[in-house]
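A note on names: the letters A, B, ... follow the listed sequences, proteins ahead of strands, and every chain is numbered from 1.
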Amino acid sequence: MTAISPAGGADPGATVPDRPLLDVRGLRTYFHVMDGTVKAVDGVDFSIPPGGTVGLVGESGCGKSVTAHSIMRLIDIPPGEIAGGEIWFDGRDLLKLSDSEMRHVRGGEIAMVFQEPMTSLNPVFTIGDQISEAILLHNDVNKKEAAERAIESLKAVGVSAPERRVKQYPHELSGGMRQRAMIAMALSCNPKLVIADEPTTALDVTIQAQILELIKALQARTGTALLLITHDLAVVAETVQTIAVMYAGRIVEAGTVDQVLLAPQHPYTQGLLNSIPGVKKRGRALSVIKGVVPNPFRLPPGCKFQPRCPYAWEACSASEPELLPAPNGAKSRCYLHSPEGAGRREAFEKSVAATMESVGG
Amino acid sequence: MTDASSRLAETSAAAATGARPVLLETLNLKKYFPIMGGLLRHQVGSVYAVDDVSLQIYKGETFGLVGESGCGKTTFGRTILRLEKATGGSVSMDGQDVLALHGDALKRMRRRMQVIFQDPYGSLNPRMPISDIIGEGLLAQGDKANGWRKRSIRDQRVGDYLEAVGLRRDYSRRYPHEFSGGQRQRIGIARALALGPEFVVCDEPVSALDVSIQSQILNLLSDLRAEFNLTYLFIAHNLSVVQYFCERIGVMYLGKIVEVAATDVLYATPQHPYSVALLSAIPVPDPRVRTKRLVLKGDVPSPANPPSGCRFHTRCWLRERLGNPAECSTTEPPLRELAGGHLAACHFAEQVTAQAVQEAAATQSVIETAVDVD
């Protein structure tokens, strides 16, 4: 019943208590706008071991992208504000680095792949120029060597005829090809961590399959750590080792893929799994999470999920639960796992069993 | 396998008895968009968005149309509704030739065929209150018999349909920006249904929504179908949604229908190499399921310059396995019936077996999948 320690433990799968590569502790990112303050990220803790893969999952507005942008220090201040917390990366607190130190980390040690490859590539420079720019910035090489490395990095992500591609502009490439170029750019400086923010959301399903397989293969080959941000539980299921589920600026459940997706410990995670349509649910109504995501200016008291939660009782609106260890070793921000919740937990577990029955392929 | 083949037998039995009347039928429907260019802005080519599509949609069913962006599925929906002018072919609804109608007859037909759009933000006029957004169609279709020209009757009906889609009557005075994405989509549904249609084209109705809202809208669409005896053409790229929601499915690729089958049959035994790859690409939320995926090479070619013969031959894994037979690139495969109600457009559909798929998946390289195919 003690507060969860922020460090290390967020990766229950790891046996060696190695120092994590990335350790986010109590991160709070607020936005001060005209109508008040939006606490987009409000106390997020998680860590990634060297070479580890973590998925950050949640619906729009849950704070997953803001978390990623905070790590990269890409939040506009103002209106944004990092109101608290620490982001330890490889022995340094990124929040304490100067802007010029941060520029070396960004793109060099931590690289980012964005959702929309059309808007995140500069339309007036060739693909080769844009990849070389990053290589020149972070390595001691001349232009010619950088251009050669750009071609190599395109080749590594499976782009055919890379010698020709480097001379092309973003609009000349298809969506899948542009995303490959983004990945090539991200990997060109051998980063220790790649943050991929919805890397396949804008792509068609066959191209999504190509890119996911590519990310998996490259991750295995290079040993780069990966933070994958997505709204799609199916995408994380295939790509990462551990998952953190976010809701209203908080992590509500964290654990290995098997723990979270096979035995969800938080009613919100269960609700998400339940909402996925599948063949076994045909002819039956999909079970839904009632209501909508709360207005960020008027978050409910206590647990933020409580107004939509079928298991909520008085305790849930009185105070907010901590991220507590659940029986299966995962962590869940839910009073169902406190001694007082024991009675209701049985009903929850029964319902989870029914969910898992209907999710299977 | 036996499971699937027994299901195949079932559907063929249903097809043989011909129990279900056809509501909407297209025959060789074509829609080409001209490409203008040159000094005098003359036509220099065409985008073959929908090319020779023949489909039957039964009364009361939910027919899913799937395919990737640019395959022509949305254009197909718009063309049968006459939101686009067809280049050729015919569309018949309940035996009436939709493309030949004009004047009053066309107006009466429009009442029977409605559409729900994908983007709940772009499809509602931000300057109109909800009562006008839903009432606009009623006003246009008003006549002596239904009395929709009278504001009071119209408002009554708007309120009824707002309630039918799970919103409050008094929301009719509000404007679109006051609603969330899910609520807006409900308004779009109320607008389509207020005219009392029999046939509704749902064009990606849940693609823009979060999963928890998506399931609410799917449940609503399914309740409304039962309540108002609707027939849906459900256009989507999300294959899990289609699998859950539709009874029969057509798969489109580059303007062509490549496979049509009952949902269970298609997901259990797809017979077109493209359908196989498309289904194999669906990510599964169950970490216990770890099948080797069949990843297609390259991107969809341009519909302005589609490949010769079979349009899929440039990316086809089966063609590669069979040693690149000449027919694939020279002869266009017809959509032929393999079993009762199961149609596929592939010369070698019989060679698509579970074993062939497995072997193809095992031998591919997942990195070298970005190749030029056009």
Side-chain angles (χ1 to χ4, degrees), chain A residues 59-61 156-161 174-177 180 200 204-210 212-214 216-218 221 231-239 256-258 260-262 268 271-282 285-290 292-293 308 356 359-361, chain B residues 66-71 180-183 206 210-216 218-219 222-223 237-247 263-264 267 274 277-291 293-300 315 364-372:
Chain A
E59 296 181 279
S60 4
V157 297
V159 170
S160 59
S174 67
M177 206 66 97
R180 279 174 195 266
T200 59
D204 271 316
V205 59
T206 59
I207 308 298
Q208 165 171 300
Q210 287 180 3
L212 286 181
E213 296 294 336
L214 177 73
K216 272 194 277 184
L218 292 176
R221 184 192 288 173
H231 68 282
D232 193 336
L233 286 171
V235 167
V236 284
E238 303 204 344
T239 324
T256 64
V257 167
D258 284 12
V260 175
L261 297 182
L262 297 182
Y268 176 62
L272 282 182
L273 283 169
N274 248 336
S275 309
I276 300 173
V279 69
K280 290 192 184 162
K281 299 176 186 167
R282 193 134 54 90
L286 287 173
S287 68
V288 301
I289 304 175
K290 65 178 182 189
V292 293
V293 175
R308 305 176 73 187
M356 295 333 294
V359 165
Chain B
V66 298
E68 297 177 272
S69 14
C71 73
S180 68
Q183 286 175 318
V206 296
D210 268 323
V211 273
S212 70
I213 307 300
Q214 172 179 302
S215 51
Q216 293 176 3
L218 287 175
N219 283 345
S222 146
D223 292 346
H237 69 274
N238 184 326
L239 293 151
S240 335
V241 169
V242 172
Q243 185 184 22
Y244 162 74
F245 200 69
C246 302
E247 290 156 56
T263 305
D264 293 340
Y267 280 74
Y274 176 64
L278 195 62
L279 295 175
S280 164
I282 311 175
V284 189
D286 188 336
R288 290 166 296 189
V289 181
R290 278 285 174 274
T291 46
R293 193 183 261 153
L294 186 66
V295 181
L296 282 184
K297 286 198 178 114
D299 292 296
V300 182
R315 302 172 78 195
Q364 71 192 349
S365 151
V366 296
I367 293 185
E368 274 80 40
T369 44
V371 291
D372 287 304

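- Looking at Leu239(B), the atoms closer than 4.5 Å to chain A (heavy atoms on both sides) all sit in the side chain, from C-beta outward.
- A distance of 11.0 Å separates CG in Leu218(A) from CD in Glu213(A), rounded to the nearest 0.5 Å.
- Heavy atoms of Ser222(B) lying under 4.5 Å from chain A are absent altogether.
- Thr263(B) places a side-chain N or O within 3.5 Å of a backbone atom of Glu247(B) that can act as its donor or acceptor partner.
- Using modelled atom types, one side-chain atom of Gln216(B) and one backbone atom of Ile289(A) make a donor-acceptor pair closer than 3.5 Å.
- Only the side chain of Asn219(B) comes within less than 4.5 Å of a heavy atom of chain A; its backbone N, CA, C and O stay farther away.
- The NE2 atom of His237(B) sits 11.5 Å away from the OG1 atom of Thr206(A) when rounded to the nearest 0.5 Å.
- Of the two parts of Leu218(B), only the side chain, counted from C-beta on, holds a non-hydrogen atom closer than 4.5 Å to a non-hydrogen atom of chain A.
- For the set Ser215(B), Ala281(B), Cys246(B), the entry with the most heavy-atom pairs within less than 4.5 Å of chain A is Ser215(B).
- With a 4.5 Å cut-off on non-hydrogen atoms, Glu68(B) touches chain A through its backbone and its side chain both.
- One N or O on the side chain of Gln210(A) and one on the backbone of Gly298(B) form a donor-acceptor pair closer than 3.5 Å.
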